[in-house]
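Whatever order the structure lists them in is the order used to number ligands and atoms, beginning at 1. Any value given below was found using the heavy atoms of this structure, including those in side chains, with hydrogens, waters and symmetry copies removed.
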Amino acid sequence: MQDAHMTVVRVGEFAWSTMEPAEGHFEFGWLDRAIELAAKHHIMVVLGTPTAAPPAWLTSKYPDTLRVDEDGKRAEHGNRQQFSFTSPRYREFAARIASEMAKRYGHNPNVLGWQIDNELAAPSFDDQAKHEFHEWLHRRYGTIAELNRRWTTAYWSQTYDNFDEIPVHSRNQNPALLLDWKRFVTDTWVSYLQNQIQAIRANAAPAQWITTNTMHWNTGFDHYAVHRVLDIAAWDDYFPDGHLDANLNAAEHDLVRGYKRKNFWVMETQPGHVNWGGVNASLPPGVTHEMAWQAVGHGADAVLYWQWRSALNGQEQYHGSLLGPDGTPVPIYAEVQQIGAEFERVNQALAKNGFGSLTDASPHARVAILNSYDSVWAIDFQRHTSKFDYVGQVTDFYRAVEPLAQTVDIVSADADLGQYAVVFAPALNVLPDATAKRLTDYVRAGGHLVLGARSGMKDVDNALQPERQPGRLAEALGGHVVQYYALDAPVPIAGTLGEGSTSVWAETLAATSPTTKVLMTYGPSQGPSWFAGKPAALTREFGKGSITYVGATLDKGLMAKLAVWALDEGSVKPIVAGVPAGVELMERSNGKGDRVWILINHGDTSQTVNGIDGVDLLTGTNVSQINLAGHAVAVVQPAAKR
Ligand code: GAL
């Protein structure tokens, strides 16, 4: 590990049966030795609490700690994540192992921080969970009459007499119930984490941070809520088919950076290949290197690899590793070693240039894309067309905007938007009154808001708004949606932005104010059409800013034109103009004017970037232009401070 320039290792996240081989009997000697050995080689440690894999003695003696799936089947031992997230007994055991670990390592100077559990995932539908859901609903609604009213339970005779009658499901139920179940699951994961956070905090130095590792677009819970109780965000970055989608990966980093609106960790990356895809092809040579620097460019303060060495047996024998079962390096090791060497070189060069630590510098964006768990849930419960993919919408906007703005934040629809010149809100389906008010204030103060199709349809209870889309924003827009349509064939669109089409979703719009402009119109059709000549996008200046509603899912070309237009409205310029397509430029700055640029050629053929004036930190030379071979990386400290 030291030879590979590794400075941190994560351990312990599934090692419960080794840490506590029998109830109340703890064995940490092996972990003491591992931490000491790592320290001897200048490697810091992140400790994982092992609660994603309870030991057999625990679940066989206390089967009530095992999770029950939606169809009523209780989990068995032998896989992982088989615990019930509500079980009070499980929480007692979890708090105890976390507390024993923290008592032992909470003040160990070689322990940097904690990862609680591992990839929180599966909720339980056991009796305790049902009981707690009913109590949660009771607290939320106060009376059953209020719940009946807001859920419109008279429909299909769903009317409840008391909270205990309410079914507990995550599918085929009233949309309000489904949305509340997701919120309950979120709150339950929060309290699940808090249980261990309290145990650690009571025994650990404040400098040791606490996180958990998440799975990018996973919609199992609201990641913004969960991260309120965590110190930093961390995620696991995998491309199971071995093909890096650099644009998508960029969006995923920005999504994770948005959880706490600060730098994050990549807790796991694949060394070559995984073992859980359809075809577990390996990333080609050089792409692991490319991914590591891309992570740093988007605000990662650490990049870790899962896993170091193959376990001889167990479910993940085929997974990529840095060492083979014989304990010697496999080919990808050399690439990871190069990454480590480069991180070291860049850190040293920056320190010499008076920059301080790269971890004090972050990406700073003037453009944001909003992400709303309420909205993705609401749409996924009732997609109306299987082709409408919320994440696809967010990333369609991202793919068009990121190359132009070069830095983009993906943040919660509830985030403070003061710093942004332009905000995109794809499919902001659930629009609570408070959010509508904040967005209106944002526009009034000079912001440029672009809403995507399906926005402003639902209220906080997943009920239809009593006014047409975009609901409480219709007045500011000076227009509304007349009707929405799922499409089974493309519909042409034309207008000031150019020509293109929509093939997933189309909403016909109507302007209601003389100051509302039609930005795009549905084009002519051969046969009868709901669309021909009807507005597809409206825009209106409002206060000091503008509000735009795009009622269609746009094809790539039109989306790119929309992005150019919107960024122009907000006077957003790229950090460096003229960066060729396929080359990504990322900036981290520290608020004192110091900046670092990371440039990556994501394509296969070489490219030249002009207009660069600075020091190439990997070669130590002054540069005014950079030549990048396919998949190559440059790290530049620009001469001018900003
Ligand atoms: C992650 C998980 C790791 C390992 C890895 C394999 O989801 O956290 O423990 O299973 O996948 O790719």
Q.
Taking CD in E76 as the centre, count heavy atoms belonging to other residues, nucleotides or ligands within less than 6.0 Å. Is the count above 12?
A. no
Q: Check whether any side-chain heavy atom of N347 sits under 4.5 Å from a side-chain heavy atom of L358, and report yes or no.
A: yes
Q) So, do Y192 and L120 sit near enough that their side-chain heavy atoms are less than 4.5 Å apart? A) yes
Q: Kindly indicate, with the supporting measurements, whether the criterion salt bridge (charged side-chain N to carboxylate O under 4.0 Å, His left out) is fulfilled by R89 and E92.
A: CA-CA 5 Å; R89 199 194 307 276; E92 264 176 48; over 6 Å; no
Q. Under a 4.0 Å N-O cut-off, is there an ion pair linking R171 with D71?
A. yes
Q.
The criterion is side chain to side chain contact (heavy atoms under 4.5 Å, CB included); which residues satisfy it with E316, sequence neighbours excluded?
A. R80, N275, W306, H319
Show the distances, to 0.1 Å, for all pairs joining an N/O atom of ligand 1 and a protein N/O atom that are shorter than 3.5 Å, listing one pair per line.
| residue | atom | partner | partner atom | Å |
| --- | --- | --- | --- | --- |
| ligand 1 | 7 (O) | E119 | OE1 | 2.5 |
| ligand 1 | 7 (O) | E119 | OE2 | 2.7 |
| ligand 1 | 8 (O) | N118 | ND2 | 2.8 |
| ligand 1 | 8 (O) | E119 | OE2 | 3.4 |
| ligand 1 | 8 (O) | E268 | OE1 | 3.2 |
| ligand 1 | 8 (O) | E268 | OE2 | 2.8 |
| ligand 1 | 9 (O) | R80 | NH1 | 2.9 |
| ligand 1 | 10 (O) | R80 | NH1 | 3.3 |
| ligand 1 | 10 (O) | R80 | NH2 | 2.8 |
| ligand 1 | 10 (O) | E316 | OE2 | 2.3 |
| ligand 1 | 12 (O) | W276 | NE1 | 2.7 |
| ligand 1 | 12 (O) | H319 | NE2 | 2.6 |

